[in-house]
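Just below is one structure, and these are the notes that go with it.
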Number of protein chains: 2
Amino acid sequence: MKSILFPLFEAFKKIQSISLDSIGELERLCEVKSYSKNGEIQGIGATCRTIYFVLSGVARIYYLKDGTEVTEYFAFENDLIVRAESLFTNTPSKKAIQALEDSVLVSISSEALYGLFEKQHDLERLFNRLVQNSYVETLRRLENIQFLTAEERYQKLLEEHPEIVQKIPLKYVASFLGITQVSLSRIRASIR
Amino acid sequence: MKSILFPLFEAFKKIQSISLDSIGELERLCEVKSYSKNGEIQGIGATCRTIYFVLSGVARIYYLKDGTEVTEYFAFENDLIVRAESLFTNTPSKKAIQALEDSVLVSISSEALYGLFEKQHDLERLFNRLVQNSYVETLRRLENIQFLTAEERYQKLLEEHPEIVQKIPLKYVASFLGITQVSLSRIRASIR
DNA sequence: CTGAATTTTTAACATATGTAAAAGGAATTG
DNA sequence: CAATTCCTTTTACATATGTTAAAAATTCAG
């Protein structure tokens, strides 16, 4: 296998060993698509039945709160991006997925993937490990937002995910941190 | 099967169908224990290798932030309670589990459970569904805390989980909402 | 390259929430 | 039942963050 998917599958193997057979089956479900900067990958309203991975570029999940966008998640290379609240509850999603740069993503139908799980147990394990990792990350975010000040959260983001602060417009970073753009700007000024 | 575990297993069946065989195997791993009010179920520092379910009573997960307790989660009857950040990363937990009333919990060794997964695929599915549900719940909590005011969060908690406000000391509810006790008290006064 | 659009910063003011201390209530224990 | 401890509310004040508007800086499109 020497496709554009190779680095992604290598990343998978670090999480869960997968048989060659499984990789072949999985590859057949992968659809690779390009999105241009600010392009919509999935819109608000549909029930999520697709799992994405970012091959290159950056994507985000966001939703509207009182007419203004709130960013919930940023995905970089090899990251899983999925609207879990919709996929796991089979209800329409209030969230959208958008490319923040020209990006290439691979999409996998969740139904087809679940079908594969019947025979390829290692893929089911892989998927569940990915979900567990996302869950742990969300728990960490909750902790931070629950009891750190805005400035502490920004400092922590700088340390742990400098790529977010560097590559992503600050207006998106602000809502990701749970604060306004103005407040983030103030914090950045006070640190300098 | 006519044990104290019956209602819990019935709740499981609503999430994922399980064979009689699997139920039997699972039952053999279950250890039922009673805890008295405010008793410690698991302390801070150890790596989590145990999964709990509340059979009766209430339990919480909390951690220390600058010497004061922050409550992260409340578990009621049939709820899963587990320190996921530790279980899924194999690192020592900074969190503790405590009974808030006289409670009965069942504990299952995660290693033993994972062992069962090799033969009882339905149990693995069940466990992963439970993790997915916890993940979705955590996402919801993150959304709330990210962009609702303290008062809105309290109102929402009243609507969605009135049992928390009714049964649990407000000092614990406050940190669960990401605010101080004083602030919660103020909000309650302003609503009356 | 230039003008327009977008993003970021700054300013001034409003408000929600934090902090500390004390008082009032409720629950627990001997 | 009394006494102690714990929990909740109240008060007064401090501060972080929100809001609105405008200015400055940056990016984008023709």
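The separation between B/Leu100 atom CG and D/dC6 atom C1' is 15 Å, rounded to whole Å. Put simply, CZ on B/Arg186 is 6 Å from C1' on C/dT17, counting in whole angstrom units. Following rounding to the nearest Å, B/Ile179 (CD1) and D/dT8 (C1') show an atom-to-atom distance of 13 Å. The interatomic distance linking B/Gln181 (CD) with D/dT8 (P) rounds to 6 Å, in whole Å. Taking atom NZ of B/Lys37 as the reference point, atom C1' of D/dC7 lies 11 Å away to the nearest angstrom. Nucleotide C/dT9 holds its C1' atom 11 Å from the CG atom of A/Leu184, rounded to whole Å. A straight line from CZ of A/Arg188 to C1' of C/dT9 spans 10 Å, rounded to a whole angstrom. Look at CG on B/Asn38: it is 17 Å from P on D/dT5, rounded to the nearest Å.
Taking the six-membered ring for Trp and the full ring otherwise, A/Phe6 and A/Phe9 have centroids separated by 6.0 Å or more.
Taking a cutoff of 4.0 Å between a charged side-chain nitrogen and a carboxylate oxygen, A/Glu10 and A/Lys13 qualify as a salt bridge. At a threshold of 4.0 Å, the pair B/Arg28-B/Glu25 counts as salt-bridged, since one of the basic side-chain nitrogens sits closer than that to a carboxylate oxygen. Using a cut-off of 4.0 Å between Lys/Arg side-chain N and Asp/Glu carboxylate O, B/Glu143 and A/Lys95 are scored as salt-bridged. Ion pair B/Glu85/A/Arg140 not flagged as a salt bridge, since none of the NZ, NE, NH1 or NH2 atoms sits closer than 4.0 Å to an Asp/Glu carboxylate oxygen.
The shortest distance between side-chain heavy atoms of B/Leu105 and B/Ile81 falls below 4.5 Å. When side chains are defined from C-beta on, B/Lys167 counts as touching B/Phe76, because their heavy atoms get closer than 4.5 Å.
At the heavy-atom level, A/Ser183 lies under 4.0 Å from the strands shown only through sugar-phosphate atoms.
For the pair B/Arg60 and B/Tyr172, the distance from NZ or CZ to the six-membered ring centre is under 6.0 Å and the angle to the ring normal is within 45 degrees. Geometrically, B/Arg141 engages B/Phe176 in a cation-pi contact defined by less than 6.0 Å to the ring centre and at most 45° from the axis.
For A/Ala189, whose side chain is taken as the heavy atoms from C-beta onward, the closest listed nucleotide among D/dT11, C/dT10, D/dT8 is C/dT10.
Across all their heavy atoms, A/Ile61 and A/Val82 have their closest contact at CD1-O, 3.4 Å.
Each end of the helix from C/dC1-D/dG30 to C/dG30-D/dC1 gets its own rotation axis from five pairs of C1' atoms, and the angle between them is 50° to the nearest 10 degrees.
If you run side-chain contact (heavy atoms from CB on, under 4.5 Å) between B/Tyr52 and each of B/Ile97, B/Ile108, B/Asp79, only B/Ile97 comes through.
Residues of residues 61-69 of chain A having a heavy atom closer than 4.0 Å to DNA chain C: none are found. For the contact set between residues 141-168 of chain B and DNA chain C, defined by any heavy atom under 4.0 Å, the members are B/Thr149, B/Ala150.
Between A/Thr180 and D/dT17, a side-chain N or O to OP1/OP2 separation shorter than 4.0 Å is absent.
Between the side chains of B/Tyr154 and B/Arg188, at least one donor N or O sits under 3.5 Å from an acceptor N or O.
Nearest-nucleotide assignment on DNA chain C puts the 5′-proximal partner with A/Pro169, out of A/Pro169 and B/Gly178.
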